[in-house]
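Single-structure report; data block below.
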Amino acid sequence: MLIGALIGAVALKRRRDGAQSLALFCFAIGGVYGWRAVVILMKTSNIMNLELATSSWPTFDSYFRDPVVWAGQIVFVATALIMVVVLRIMEARRA
């Protein structure tokens, strides 16, 4: 993800037309991982103490199937795709 963001940032310096949507998409996809981190932080108590840490998920499968995690990921990806399409339309109108 970091590599994609760096490519987008370098492309912004060289060409502004397609690079904006690439950089925006990479940063928005990075928001998925941020969302996962926020959900884990909110649903885990004593996260900094390994011996006392407990989460609301008894197994990894229950975490993986948690609708809160999936809903946030879907919202981030959908928002990123919509914003990329809007940027592409705006770029086409300027050209």
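Keep in mind that this is a model prediction, so the values were computed, not measured.
- Taking each heavy atom of Ala53 and Asn46 in turn, the nearest pair found is CB-O, 3.3 Å.
- Side-chain N or O atoms of Trp70 include one that pairs as donor or acceptor with a backbone N or O of Phe64 at under 3.5 Å.
- Two different hydrophobic clusters hold Met42 and Met48 under the rule that ILVMFWY side chains link at heavy-atom gaps under 4.5 Å.
- Arg36 is not listed as a side-chain neighbour of Phe76, based on a closest heavy-atom distance of 4.5 Å or more.
- A distance of 5.0 Å separates OG1 in Thr44 from CH2 in Trp57, rounded to the nearest 0.5 Å.
- Residues Ile47 and Leu50 fall into different hydrophobic clusters, defined by Ile, Leu, Val, Met, Phe, Trp and Tyr side chains chained together at heavy-atom separations under 4.5 Å.
- The CD1 atom of Ile40 lies 10.0 Å from the OG atom of Ser56; values are rounded to the nearest 0.5 Å.
- Atom CG of Leu52 has more than 12 heavy atoms from other residues, nucleotides or ligands within 6.0 Å.
- Placement of Val68 and Val32 within a single hydrophobic cluster is found when ILVMFWY residues are connected by side-chain heavy-atom separations under 4.5 Å, directly or transitively.
- The cluster map of Ile, Leu, Val, Met, Phe, Trp and Tyr, joined by side-chain heavy atoms under 4.5 Å apart, puts Val75 and Val39 in different clusters.
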